[in-house]
Amino acid sequence: MQGLMRVVRSCHEKLKVTILQHPQFKSANEMNKVFTRFGRVISFPTMQSKEANDIIVAESSTMQQKGLENTTVADVLMIKDEEKGNSWLCCQTNDTAYDAIKKMAANNIGSLVVLKPGENQLIAGIITERDYLRKVIVQDRPTKYTRVGDIMTEQSKLITVTSDTNILKAMQLMSEHHIRHVPVIDGKVIGMISVVDIVKAVVDQQTGEVKQLNQFIRGDYY
């Protein structure tokens, strides 16, 4: 999880470097105009003026990017749906561990939502690659005869989020609890997000902001 935090810090540094290295901006006032446009808080330790310590500005209504502080789990799920056609896959408690891990491998994912048998799609827990390694492989249990319900992380132990949870909050929960997958539940399960999803959202957001800053510097914004 420390690597995840480093990604976020690295993306913020890109924003700072984009401005600091550009010859057009020599004063805090000039930089302030740019960050007023893009709604950012950036610290410039190399500046001596009081106003350059922390440039705090309001969110611009003209920003095409939402900003991480306004990006929710629902936004991440929407992107997953568009890219993969489904933001989550599932199995049932009475499926075998072999079938579960085979499904993960076929879809290049690291976890499955586990549902209770029946048509109501009630969540029973989740199963991850880590569960399989620790509770099947390490314990030398027969893969084709071990039930998912016997090795899954049960619902009572799950850390979950809702669709309106901010992605930075979701990232914080993952970091604090040392987990990589979190079910999204709005009354019922509607998806699953992973550390990879969060990192992609952060990188995409910050890359877009750097691109917009460069366009603004070149005069593409009027």
Side-chain angles (χ1 to χ4, degrees), residues 1-16 38-42 59-60 63-91 100 103-104 107-115 121-134 148 152-212:
M1 291 303 169
Q2 291 180 351
L4 184 57
M5 300 305 295
R6 284 197 295 270
V7 169
V8 177
R9 287 194 294 268
S10 175
C11 288
H12 283 293
E13 283 301 314
K14 288 181 180 179
L15 288 174
K16 183 189 297 185
F38 287 90
R40 280 289 161 265
V41 180
I42 302 290
E59 189 91 71
S60 171
M63 281 185 63
Q64 296 179 7
Q65 297 283 332
K66 294 182 68 173
L68 292 175
E69 65 278 7
N70 296 317
T71 302
T72 66
V73 168
D75 297 316
V76 176
L77 291 180
M78 186 180 302
I79 294 173
K80 290 185 68 173
D81 283 338
E82 291 174 354
E83 293 180 347
K84 300 181 180 180
N86 196 343
S87 63
W88 63 288
L89 294 172
C90 66
C91 62
K103 193 170 190 176
M104 290 186 213
N107 291 278
N108 194 31
I109 57 176
S111 66
L112 295 172
V113 174
V114 182
L115 302 177
Q121 289 196 323
L122 298 176
I123 186 171
I126 66 171
I127 181 172
T128 67
E129 294 170 324
R130 185 179 297 179
D131 291 324
Y132 180 77
L133 288 172
R134 291 181 174 180
V148 168
M152 69 181 183
T153 300
E154 297 178 355
Q155 181 184 10
S156 60
K157 299 179 181 178
L158 288 181
I159 303 298
T160 65
V161 296
T162 61
S163 61
D164 60 357
T165 301
N166 179 268
I167 63 166
L168 296 178
K169 176 62 176 179
M171 180 175 66
Q172 180 183 357
L173 287 172
M174 291 182 180
S175 179
E176 289 177 350
H177 295 278
H178 305 287
I179 55 178
R180 296 178 296 170
H181 305 89
V182 176
V184 184
I185 299 179
D186 287 346
K188 63 178 182 179
V189 59
I190 64 168
M192 176 92 81
I193 61 170
S194 68
V195 169
V196 173
D197 299 324
I198 298 294
V199 170
K200 185 178 185 302
V202 170
V203 172
D204 287 349
Q205 178 66 46
Q206 298 296 344
T207 299
E209 290 176 357
V210 169
K211 180 179 179 180
Q212 285 186 323

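For the numbers below, each heavy atom of this structure counts, side chains included, while hydrogens, waters and symmetry mates do not.
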Shortest non-hydrogen contact between [X] and [Y], atoms and distance:
| X | Y | answer |
| --- | --- | --- |
| Ala100 | Leu112 | O-CD1, 3.4 Å |
| Ile123 | Pro183 | CD1-CB, 4.3 Å |
| Arg130 | His178 | NH1-O, 3.5 Å |
| Trp88 | Val189 | CH2-CG1, 3.7 Å |
| His181 | Ile126 | O-CD1, 4.2 Å |
| Lys80 | Asp197 | NZ-OD2, 3.0 Å |

*Applying the side chain to side chain contact (heavy atoms under 4.5 Å, CB included) test to Ile193, which of Val182, Thr165, Ile167 qualifies?*
Val182
Is the side chain of [X] donor-acceptor paired with the backbone N or O of [Y] at a distance under 3.5 Å, no angle test?
| X | Y | value |
| --- | --- | --- |
| Asp164 | Val73 | no |
| Asp75 | Thr72 | yes |
| Asp131 | Met152 | no |
| Lys169 | Val161 | no |

Pairwise distance [atom1]([X]) to [atom2]([Y]) - rounded to 0.5 angstrom:
| X | Y | atom1 | atom2 | value |
| --- | --- | --- | --- | --- |
| Ile159 | Leu173 | CD1 | CG | 7.0 Å |
| Ser111 | Ile127 | OG | CD1 | 10.0 Å |
| Met104 | Thr128 | CE | OG1 | 6.5 Å |
| Ile109 | Leu89 | CD1 | CG | 4.5 Å |
| Thr71 | Glu69 | OG1 | CD | 7.5 Å |

Taking side chain to side chain donor-acceptor pair (under 3.5 Å) as the definition, give me every residue that meets it alongside [X], ordered by chain and number, with sequence neighbours left out.
| X | value |
| --- | --- |
| Gln172 | Glu176 |
| Lys103 | none |
| Asp186 | Ser163 |

